[in-house]
Structure formats: C-alpha cells, structure tokens
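Have a look at the structure below, then the notes.
Not measured: the values here are computed from a predicted model. All chains are named by letter (A, B, ...) in the order of the sequence lines, taking the proteins before the strands, and each is independently numbered beginning at 1.
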Number of protein chains: 4
Amino acid sequence: MKRIAVLTSGGDAPGMNAAIRAVVRQAISEGMEVFGIYNGYAGMVAGDIHQLDASSVGDIISRGGTMLHSARYPEFAEREGQLKGIEQLKKHGIEGVVVIGGDGSYHGAMRLTEHGFPAVGLPGTIDNDIVGTDFTIGFDTAVTTVMDAIDKIRDTSSSHHRTFVIEVMGRHAGDIALWSGIASGADEIIIPEEDFAIEDVVESIKKGYEKGRTHNIIVLAEGVMSAAEFGKALKDAGDTSDLRVTELGHIQRGGSPTARDRVLASRLGAHAVKLLKAGIGGVAVGIRNEQMVENPILGSAEEGALFSLTEDGKIKVNNPHKADLNLAELNRSLSSI
Amino acid sequence: MKRIAVLTSGGDAPGMNAAIRAVVRQAISEGMEVFGIYNGYAGMVAGDIHQLDASSVGDIISRGGTMLHSARYPEFAEREGQLKGIEQLKKHGIEGVVVIGGDGSYHGAMRLTEHGFPAVGLPGTIDNDIVGTDFTIGFDTAVTTVMDAIDKIRDTSSSHHRTFVIEVMGRHAGDIALWSGIASGADEIIIPEEDFAIEDVVESIKKGYEKGRTHNIIVLAEGVMSAAEFGKALKDAGDTSDLRVTELGHIQRGGSPTARDRVLASRLGAHAVKLLKAGIGGVAVGIRNEQMVENPILGSAEEGALFSLTEDGKIKVNNPHKADLNLAELNRSLSSI
Amino acid sequence: MKRIAVLTSGGDAPGMNAAIRAVVRQAISEGMEVFGIYNGYAGMVAGDIHQLDASSVGDIISRGGTMLHSARYPEFAEREGQLKGIEQLKKHGIEGVVVIGGDGSYHGAMRLTEHGFPAVGLPGTIDNDIVGTDFTIGFDTAVTTVMDAIDKIRDTSSSHHRTFVIEVMGRHAGDIALWSGIASGADEIIIPEEDFAIEDVVESIKKGYEKGRTHNIIVLAEGVMSAAEFGKALKDAGDTSDLRVTELGHIQRGGSPTARDRVLASRLGAHAVKLLKAGIGGVAVGIRNEQMVENPILGSAEEGALFSLTEDGKIKVNNPHKADLNLAELNRSLSSI
Amino acid sequence: MKRIAVLTSGGDAPGMNAAIRAVVRQAISEGMEVFGIYNGYAGMVAGDIHQLDASSVGDIISRGGTMLHSARYPEFAEREGQLKGIEQLKKHGIEGVVVIGGDGSYHGAMRLTEHGFPAVGLPGTIDNDIVGTDFTIGFDTAVTTVMDAIDKIRDTSSSHHRTFVIEVMGRHAGDIALWSGIASGADEIIIPEEDFAIEDVVESIKKGYEKGRTHNIIVLAEGVMSAAEFGKALKDAGDTSDLRVTELGHIQRGGSPTARDRVLASRLGAHAVKLLKAGIGGVAVGIRNEQMVENPILGSAEEGALFSLTEDGKIKVNNPHKADLNLAELNRSLSSI
C-alpha cells in the first residue's frame, strides 16, 4: 500500500489530533503518502481530501478537537454513498483508510472493507463505550476535566454545607461517572449499569451530614436521568439538605489531551497504519492489557468480532461494553463515613 | 486593639482563604490575637468563635472556598441580631472584626460599627460588582475558570462548525463575561450594561461563517437572560447554524485562586488589620490604581462613602459599579473578521 | 484482624494520600480500626503512631505529598529496629501494616512479615521502576507534570529556533522520559535502557532544522547523564544549533495527582486492606493488565516472588523492571520528519 | 496610514500572540492592512515580511511564544541596519510599525521614528522590568507558572521537612520573585532591590522548624545569585536543615497566557494601532492605574520620556523600574510564624 487516508467521525474527542499525527507520521516513516479527509464521511463523499506532510501535523499533539473536523453523516449507511466515497478516494490513488471515531464510524469502515477497500477503525470517543478496547481516546481527558470540575465544586459545596448533583456524560456507559467519582472522592455515583433506590440516597445524604460531612457530592451519568430530574426526585423523596444541581455540559469534550490519551492515541494510530500496510482491513484496533490488539469489526463472537448481523440484517454488538462494577463497589467502601 | 476576629459571608469566592490567612498572620505580627468566626454572621450570633494561630492558616493560601465556611443570614439586618453578635464577640474579649464578602456583608459591618464595635469590610465575590474597589477577591480566578472552559468548548465547537451560547455568572455586572470573553477571543459578548439586538447577533453569526469562521462563541452574562432563552431567541430570529447552549454553573465559584487573587487578598487582609489596629471601623478596603484604599461604608457620596441612606431609611449605592464598556468596544474590534 | 496501620516511606509521590485514604476508609468499612504511622519506619520505631478516622482523610485525595510524611531510615535494615518497630505497633494492638513506597519499603515489609507481623507493600514512586506492577502511584502525575513543562518550553523553543535538552527523573528507568517524550512530541528521547550515539543526535538535530523544524526537543533521563553533560557532549560532537539545557528538578515529585493516579491508588489501597484482613502478609500489591494482583516479596522467581536472596544473603531482583522499548521505537517513527 | 506592520523582539513572553492578534484585528477594523515581520529586527532587515489577515491570527490568543518568532539582532543598533529595515518596509508600502518586546526593542523603535518612520513600542517581557507601564505582557503568566511550581515543590518539601531554595527569573527586577513568593506563601523572598544577611535567613529557617513549620521555601531572584550559590552560602553560615536547591529555568517563559495577560495584551495592541493611525510614533504604550497610557521613548524625564541621552550619547533610563518593596514588607509579616 502506497497511499492511505485518515478521517475523524462522530463526536470529537481530545486525542483525535494525536491519533491523526501518529497516522501521518507513521505512514511517512513507512514510506507511504497520507491524505486527510475533512469533515468525516461527508467529506469523503464530497471529495474534501488533501495530502498531509509531516509538518502539517506539527504541534497538534497538544490540541483538543480534530484538525480534520468531524460531522454526522447518516447517509453513509447507504451503499450509494459508500461507493461514491471509494470513488473519491481512488481518484487520489488512495488504497486504505483509517477511521477514528465511535461505533457508527466502525460500521462505515466495515462497509468500505466489504466493498474491497481496506479500512481500519480506531476508537475515539470520551465515553469509553466502544467494544474491543479497554480504553478509548479521550476518556482519560474527559475524566480529568470532570474531576477538576468536581474539585472546584467541592470547594464551594464545602463552604456552604451543600449537596450537589453533578451530571456528567455517558448515555449508556457509566465509565466517566465512575472514574471521575472515585478520583474526586464523590459520596455517591449513579450509573446506568446499576439500579439505585432514591430513598437510600436521601438516607445517605442525611447520615453523612449527621456524621460530620461538610458536603455531599453525587455524580450522575446522564444516561440515568438529568440532574434536574434527579434533584426533583431527591426532594420528592424527602431530602432536606441545601441542594444544587449542575450539568457539566460540553466542556467534557474539549481540552488539551492528557499524557495518557496522547500516548494511547499515538500507539493506536501507528498500529492502524501497520495493519493497513500489511493489507489488513475490516478490523478495529484497541488496547487490551496494555497491548495493541485488533478485532474483526463484523463476524461471529467466537472469532472475536465486535459486531454480528442478526437474521433480519441488523447490526448487533457481540459483547456490549459495561462499566466495571468493581469500581462502583470500591467507591461505596471509600465514601463510607 | 488586642483581639480581633474575621468572618466570611455571602457566596464564597476563591481567595477568601488567602485573605483569612493574611488577617491572621498580619494580626499576629502586629502583636494581636485573632479569632475565626465560623458560618458568617449566623456563627457570630451563635458564638461559633475559635482562636486561630499562625499554623491554623498554613497551606490554605492555595485552596478555594473558605475554611471559615459561609452562610446567608438575613436576620442580621435586625438590630437584635447585631447586638447579640457583639455580645458574643465581647465574651471573647474581641474588639474589632474583619468581614469578607459582598454588599450584604458590608451592611452588617456598618451596623456593628454604628453600635460602637469597629468592623472593616473586605471585598470577596467573584462578580467584581462591589463599589469602592477596582477588583474583588475571586474575580480573576472566576475569569480564568471561564476562559479555560471556553478554550475547551472552542475545541469541540471548531471541530463541528458549531455556534455556542455560554452563560456565565454576573447578575448585575458584565465583568466576568467581558474579561473572559476578550481573553478567549469570543465572537460576541452580551452583558446587562449594554443593549443588543438579537437580529444583529444572528446576522453576525451568519457573516462569520460566510467569511470562514469555524465556530461562533457567544458569551452571555446571566443577568441578561439564560442561555436557553437566548438560544431560543436566536432561533426565533432566524439563526440557522448548528447551535448549542451551555451554562457553566457552579464551577465558577471554585478552584485554587490565581496568583493575582492571592496577592490581592493578602494585601487587602493585611491592610484591614492595620486599620483596625488604628481603631478605624465602618470602612471597606479596596484596591484603586494598584494602591490600597479605604472608604466609609455609609455616608455621603461627597465624602467617598459607598452607601447612603435615602429619606425613607433604605440603603442606596452611591456610585453603582458598572463594567467597563471600553472592553465591550475593544472586543467588537478584535472579533471583527 | 481488628487493627491495622499504614505508613509511607522513601521519596514521596503524588497519590500517596489517595492510597492512605483508601486504606483508612476500606479498613473502617471492613470493621477494622486503622492507625497512621508518621515519618515512615523511623516513626514506627519511635512510636509516632496515631489513630485515623474516616474524616481525618477527608479531602486529601486531591493533595500531593503524603500527610503521614516520609523519611529515609536505613537503620530499619537491622533486626533490632524491626523488632522495636513491631513492639511499638503491638503496644497499640496493631496486627498488620500497609507500607507505601518503593523497593526499600518492600524490604522492610518483608522483614516484618518474617518476624510474624504481616505487612503488605504498595508501589508508590514516580519512577515506575518497581517490580510486580505495570504502573506505580505517582507515575502518571509525574509524566503529566513533565509533559506540561515540555509544552511550555516548546513555546519558547519554537519562537527562537532553539534546541533544548530537558533532563527528567529516572535513575534506572526511562519510563518518565519515554511517556512524557511521546506525549509531548519530543524529537529525541534518551534513556538508560538504550544505547545512543551522540553523533546521530547531532545529525538528527541538523537534519531537523534543514527540513523545516522550528525547534528540537531532547528528553533525557537523568540516569544517562546530566543535561549539562549531554549539552557539552553535543557541542563536542559538532552541534551548531542554539542550544539550551534545563533540569526539571523537584516539581516532578509534586502536584495534585491525576485522575489515573487517584483511581489506581484507591484500588491498591483497598486491595491491600483486603489482603491483611485475610491474614496475608509478605506480599506486594500491584496492577497487571488492569487487574489487582499480589506477589510474594521474597521467594523464588518461579513462584512469582519479586526478590530472592543470593547465596551470600544479598537481595536480588528477580525480574528487574525495564521501560518498554516499543515506545522508544514508536517515538522514532513519529518524530521522523 | 494605510499599512502597518508588527514584529516581536528579544525574549519571547506569553501573551505576545494575543498582542499580535490585537494589532492585526484592530488594524483591519480601522480599515488598514497589516503585515507581520518574522524574526524581529533581523527579519525586518532581511525583508521577511508577509501580509496577515484576520484569520491568520485565529485561535492564537491562547498560545504561548510568538507566531512571528523572535531573535536577538544587536546589529540593529547601527544606522545602516535601521535604514535598510525602513527600505524593506517601504517596499511593501508600510508606513508604521508596532514593536513588541523589551528595552532593546524600544531603542530600535525610537531610531526608526527618528528616521521619519513612526514606530510604537509595546512592553512584552516576563520580567516586568520595563519603564512606562505598571505591568508587562507575560508577567502574570510567569508569576502563575512559578506559583504552580512552588505549590508542587511545597508538597514534597512538606512531606520531607525540607528547605528549598527556588531560583526564579529576574536579573534586575524582583517582581516575579515577590509576586510568586507572596502568592505561594513563601517563607523568604530574596530580591536584587533589597539587602539581606545570610545569617538572618539561617536563623529564620531554624526558628521556623522550632515553631512547627513542616517546610521552608525560599524564593530567590536570579539577579541576586544562583540557587546553588545561595545554598552554599546557607550551609557556610551554619544552616543544618535538609536543604535542596532548584532553578525553575525556561518553563517560566512559556505556557498559555493567563486571562490577565491576554486582556492586557489585547488592550495594548489595539491602543498601539490607534496611535499609529493618528500618525504618532516614537512612543511606548503601557498600562498605568488600569488605563492605557503612552510615553515618549526618548526625551527628558520632565516630559515623561522613558529614556534620555547622556552627554556622551549613551542611553539612560529616566526612572528605572523597581519592584514594590511594600510587597517585600508584606511577605515578612505574613510568613511570620
């Protein structure tokens, strides 16, 4: 393979630039040429494709966001768009592509490969909810941003003996809530993977203050409900504390990536290039037990594929990601007072 | 004066601990003893008063919040509460008090002084909306927190060509919005001190994208309206961009104080002690043109007093604080594209 | 076991406080009482031992350093000191101890266990050079501090077209240099685990500028030589660039721990308590493939022991830690220009 | 004036990019065209001059260093170089120039103006040692960087009961040492503007430990002597504490500028453009009492000029900058224990 391309798709995540840099630099060091596809799959279909040299990714390792921009483009689920995209790539002599993003991005990569155009997926999302990898690019940075925010809120919370419900990202996965909650010494962590009784939370808040706590910090994954809803539920269940609710919002997607995310992105980007160079497509790279791994995107669970097709042609996740409930258990022990 | 006390009142602000430390250490270096009053005026009335030595404020200079805690206590507007508070202070042999907080705190200090108990006010609030000082303790930190948040949001905003309305604190004063907006290169800053036409904002967003901007950042002071309301108004006025609204919320009150806030708090705290030592009460300290100054809290505008009484006995601000509109003008020039 | 104690030993590392908090809170949640031993093994022998309750470790999770203080105490290698230490512990009814620190700390834990007093080691050092664990507490924070410093130096380096040699900690292990070097996009990383030719470095600097680099950043582990020596060697070998050398120094040991370090420390601390509760001593806890593990401190390599005794009674490391040379290879590819 | 240019000269400082952005954007909003001169006066003479549009300074407000690069160029003190530089500027139709930098840069600006080419100086240096302004661009960021470093060192210092001598930048001015020392609660601050007796420092360290301090932090401006020399002097004078010395080095010049520096740089840059537009040259802009001011660079002290010529033609500073000794006094009170 002499020419490859790279794109970012879906929600942006800190470290995507570090991954782009790694793809570009590794490709060049392997003797290949490399192109950037701007605005995700939409840009692929539209032909928004430009060559990148080593200096074009200089100093981007420390920047949040993605220099290639990103966009949602549901039309790429259609065969027509896929073939059009491949046509555009072939115009530039491109023979393979690295796709950085989430689940949706992987499906595109799978389709391209099925049409004979090798594509490799690379997990980029703050939510850590992608199969086939222990950690996604951007997760560590998001956890850090949330932890910093909670550290700040704790200052004011403690000064006023207040209870805070802090809503963090995570529609299906409680990973951000769990990690940031433990890291900031939260009193309660509420995640989609676990049931909870609102009465227990009220009781725990009350007991906390009785035992001398100066604040109560509850970290809530958005997938459970909104902070406003949770606050109302607490009041309805009898909470009498001085309660505030807050939604951290979009700051969680931004920021200069952490060291961990930069190193992870660099490793994954370089590994993806090596696979393409060997002619391998239709796989997603990941990190498992601190090692680079790759899994087929589509296939059977037995052969380690991330997704399989149901009888009626729908895409099914073989082993859906779940946050580690040992961490939830750990926090319950450590917040005990 | 041999014994003084210090309290924090109203909303907490980063740098209050640095001010407490300065009061304690300066008092000790002047040969006085110093007491901490916990939970603001409520704690004064309740007698929650404890001696502080030099080491009790060790290493707090870098901490957000207030080690003395704070609380609202509207009852202190009543004469009875004031006299009860003075009685509690006299029990400990305390002869003067430094009150760190906002407008309400100043009124309490004024009343104490009127009852013959010297009190000095010290401006502690993130909003920068206190008369008699160029800057309040906590303002620089809040601006920094907001700027960091906007820097993060810009990453993701730029990756997706999005428009963001970011609501920041400031009920009556646009200072946080102005300073953080300029510091982060915001495209628009909307503050209570200036009128605006929603159609102009829609037009400016549109032109910005036409001229090649990758994002539009609008910083909105909460005193104007909420981010949600502003977003709706934009849409109603014809905005077609990919719009997101976000409220930064309580993180703005927290965090380790900036160098500027720590130095300011240290200077103000030490200056307040020197005034009390000279037997001066009923004044508020501030910084004007980089110098420590003090103003009578109550009196006529001519003698430099911060507040005066109206004929019907209400408290009136003599020269209400207004954000510097030159900064608003500056940002309009610099965001022009 | 009803009563345990915890101490920190050797150089301090960010996250030690989070580990102390986890030991204290987990022990309490398991129904045990827990004591803090101040100033390491010296304090154990001197009886500087005090009970800790849940609130005594409140809010320390975000603080660098160690609230129990640390000290070197080579005298603890002697049997007499060990027995004296156990005597002091028994006075308080303490039946087991968690030792947070580096290799030397582990040897002490092993001796205590040999005398029938169960002790568990927990890896706390920024260098990541402890056997039996993928990561040590403090490593991620140190890497982050170094990365932030290099990001800053790159600003000025780039403005002046300068070459910088940046000396970072790591006497025997190049881990800090490798991770921070990759994370900051260093042009060269020099570590003890790899040979290098100074002429190649000179050549690479020269070629970099020819190809348009605006700066050259060389990250050097202190175990190789000092920055001053390396700078001199470069000049002696013919480097003609505008060269600066800098030693990052003690800031590398401090700072609020990263989220990763706080979570790791929390997990390790809780796990150590569970082992003691089960009566297990003479082992060190660690993280392997994202799982908590424990290894015998002393024994044969086959049974997974970290150290064994040589025939003449000296302590020998069974599988000495080595930095991952794949990362060195990765950086060579990515810095290629 | 229809066309102006901007350059950065001397050591770089955080906020220079914000100043460049302000010059460019303000000029465009005033209807002028604006050019960037790369590599300072050297680039002016060499003709390294390129037009800048509004988007060329997009997103640089948050970056350290200077996008125009900087360089020392003593040759510009010669008339020949000055005339050559003007010739290059005229080739592009440029009629005025903004020079961002320190004293040396101002002298160049003065010479250009004397040759009939209007130039305005703008204070950019971390040292805060430029006449005609209360604060220079980069000072607040440098103080913040030093404060953060001392906060980190205090962690480890306190864990080990150590004394630390921390050398910070400031050859002639103690401003960085004073502000960062107060902000971080340093025990001693040693600056060029004040004499000190090494015996007093030794005594103070000793007393501090006796009274229960867990650490001793001494901040030393490099202009006094090096940290290594100071450490030796302490030992020679009888200090018996566990002493470490550290030089913070080049990190002090880098980093994303603080909010304060970004706002200051924006105001100064815009103000410089307005002066040039009015045909005014030969002056330096500054901030005095929170207001924009301008002073003649050369002239008599009476007319407010920053420099005057001695009889033998040398340049003399009229009112040399001195750090505020009230701050030194303040710290002595606050560190008293």
If you take all heavy atoms of D:I251 and C:L248, which pair is closest and at what distance?
CG2-CD2, 4.3 Å
So, using salt bridge (Lys or Arg N to Asp or Glu O under 4.0 Å) as the criterion, who are the partners of C:R154 when residues are at least two apart?
A:D59, C:D151
Side chain, backbone, both or neither of [X] within contact of chain D (heavy atoms, under 4.5 Å):
X      : result
C:T214 : side chain
C:T246 : side chain
C:N39  : side chain

What do you reckon, is NZ of C:K235 surrounded by more than 12 foreign heavy atoms closer than 6.0 Å?
yes
Are there over 12 heavy-atom neighbours, none belonging to C:H172, within less than 6.0 Å of that residue's NE2?
no
So, the part of D:Q252 with a heavy atom under 4.5 Å from chain C: the answer is neither
Find the one option among C:A71, C:G249, C:G40, C:S158 whose heavy-atom pairs under 4.5 Å with chain D are most numerous.
C:S158
If you count heavy-atom pairs within less than 4.5 Å of chain D, which of C:H160, C:R72, C:R253, C:R244 leads?
C:H160
Using only non-hydrogen atoms and a strict under-4.5 angstrom cutoff, which residues of residues 61-70 of chain C touch chain D?
C:G64, C:G65, C:T66, C:H69, C:S70
Gap separating the NZ atom of C:K152 from the NE2 atom of D:H250, nearest 0.5 angstrom:
15.0 Å
If I take atom CE from residue D:M16 and atom CG from residue C:D155, how far apart are they, to the nearest 0.5 angstrom?
12.5 Å
Donor-acceptor pair, side chain of C:D12 and main chain of D:S159, under 3.5 angstrom
no
